[in-house]
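Below is one structure, written out as structure tokens, with a few remarks after it.
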Amino acid sequence: MRIAPLPAWPAAAAEAAAVQDRMRPLLDLASPGPQEPRTVAGLDVTYAGDGGAGDRLAAAAVVLDFATLEVVAESVVTGASPFPYVPGLFAFREVPALVEALRRLPAAPDLLVCDGHGLAHPRRFGLACHLGVLTGLPAFGVAKTAFVGAHEPPGPRRGDASALVDGGETVGRALRTRDGVKPVFVSVGHRIDLDTACRHTLALAREYRLPETTRRADRLSRDALGAG
DNA sequence: GCGACAG
DNA sequence: ATCTTGTCGC
């Protein structure tokens, strides 16, 4: 798929945070999003290193048929991280490699599912927001742990959910994808609403806690890092 | 001031 | 994120 060239990449934390503040107004938080996407891309990055800039990485994009969950396309790229791991600036570590992986897909997917948060972020601009704006595609995040906000434990059954609230606003949802298993944290990125994102998360996570998109991308990026 | 902190 | 054994349960 085609994606515009990235701007000069920030090297300092203050500069990166300013980029987030500048991009945030570009978010579409009003659209309901695709109710029946044909294809969904899962994105994930695996690292070798201690979290510093320059760590080796492999970024994977795996496109699934939303109805059957079969893989219809995939791409993976290896390289070096341009940014250290800093909570709140996580996207600056992953975005360039993920964008390159998306560029190498034969066609644009209908939806992006990111391994991390969207609006559930200190400046309301997590990885899923960043990738959504850069690609123009509907995007949301599914994270394994909470980052900002407070929530009541959701009920014990698959599908039970509770609001993730930060600074008085609902920024996401704790969603149980399996009976009696820790919830995941869903938040909107771009061009999709929270109800739709949670519905799609449940559709993608039938037999495991994490969405099949994330599991496939995790495996592909892991294998590529080991091989390359 | 102290602790917590997506991956 | 990553480093790692055994153990419990379907």
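Being a predicted model, the structure only gives us computed values, none of them experimental. Chain naming here is simple, since letters A, B, ... match the order of the sequence lines and numbering starts at 1 in each.
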Once ring-ring contact (aromatic ring centres under 6.0 Å, His included) is applied, do any residues pair with His130(A), and if so which ones, sequence neighbours excluded? Phe92(A), Phe125(A)
So salt bridge (Lys or Arg N to Asp or Glu O under 4.0 Å) across residues 126-151 of chain A, not counting sequence neighbours, yields Asp115(A)-Lys144(A)
Transitively linked via ILVMFWY side-chain contacts under 4.5 Å: Leu164(A) with Leu194(A)? no
Only counting residues at least two apart or in another chain, list the ones meeting side-chain hydrogen bond (donor to acceptor under 3.5 Å, both in side chains) with Asp160(A). none
Could you check whether any side-chain N or O of Thr46(A) sits under 3.5 Å from a backbone N or O of Ala58(A), counting only pairs where one atom can act as donor and the other as acceptor? no
Are any side-chain N or O atoms of Arg124(A) and backbone N or O atoms of His121(A), one a donor and one an acceptor, separated by less than 3.5 Å? yes
Using a cut-off of strictly less than 4.0 Å between a heavy atom of the residue and any atom of DNA chain B, enumerate the qualifying residues of residues 191-198 of chain A by number. none
Let me check I have this right: for DNA chain B, each base becomes ., (, ), [, ] or |, based on Watson-Crick or G-U pairs with both distances under 3.5 Å. What is the full string? .......
Between the side chain of Glu94(A) and the main-chain N/O of Ala59(A), is any donor-acceptor distance below 3.5 Å? no
Is there a chain of hydrophobic side chains (I, L, V, M, F, W, Y, each step under 4.5 Å between heavy atoms) that links Leu225(A) to Val95(A)? no
Donor-acceptor check, side chain of Arg176(A) to backbone of Gly155(A), threshold 3.5 angstrom: yes or no? yes
Between Thr39(A) (side chain) and Val63(A) (backbone), is there a donor-acceptor pair under 3.5 Å? no
Can you name the ring-ring contact (aromatic ring centres under 6.0 Å, His included) partners of Phe185(A), sequence neighbours left out? His151(A)
Determine the sole option in Arg222(A), Arg215(A), Arg216(A) for which the side chain to side chain donor-acceptor pair (under 3.5 Å) test with Asp218(A) is passed. Arg222(A)
If we ignore hydrogens and angles and just use 3.5 Å, is the side chain of Thr196(A) paired with the main-chain N or O of Ile192(A) as donor and acceptor? no
Output row for DNA chain C, stems defined as at least 3 consecutive Watson-Crick or G-U pairs under 3.5 Å, is none
Side chain of Arg158(A), backbone of Thr177(A): donor and acceptor closer than 3.5 Å? yes
Students often get this wrong, so: under 4.0 angstrom with heavy atoms, is Arg56(A) touching a base, only sugar-phosphate, or nothing? nothing
Could you name each residue pair satisfying ring pair (Phe, Tyr, Trp, His ring centres under 6.0 Å) that touches residues 14-66 of chain A, not counting sequence neighbours? Phe66(A)-His200(A)
Where along residues 156-181 of chain A does a heavy atom come under 4.0 Å from DNA chain B, residue by residue in number order? none
Listed pairs, N/O of protein and of nucleotides 4-9 of chain C, under 3.5 Å:
none

Once base and sugar-phosphate atoms are separated, protein heavy atoms under 4.0 Å mark nucleotides 1-7 of chain B, 5' to 3', with B, S and - as ----BBB
Worked check of side chain to side chain donor-acceptor pair (under 3.5 Å) between Arg93(A) and Ser81(A): CA-CA 6 Å; Arg93(A) 190 163 168 76; Ser81(A) 172; 3.0 Å; yes
Residue pairs fulfilling ring pair (Phe, Tyr, Trp, His ring centres under 6.0 Å) with at least one residue in residues 204-225 of chain A, sequence neighbours excluded: none
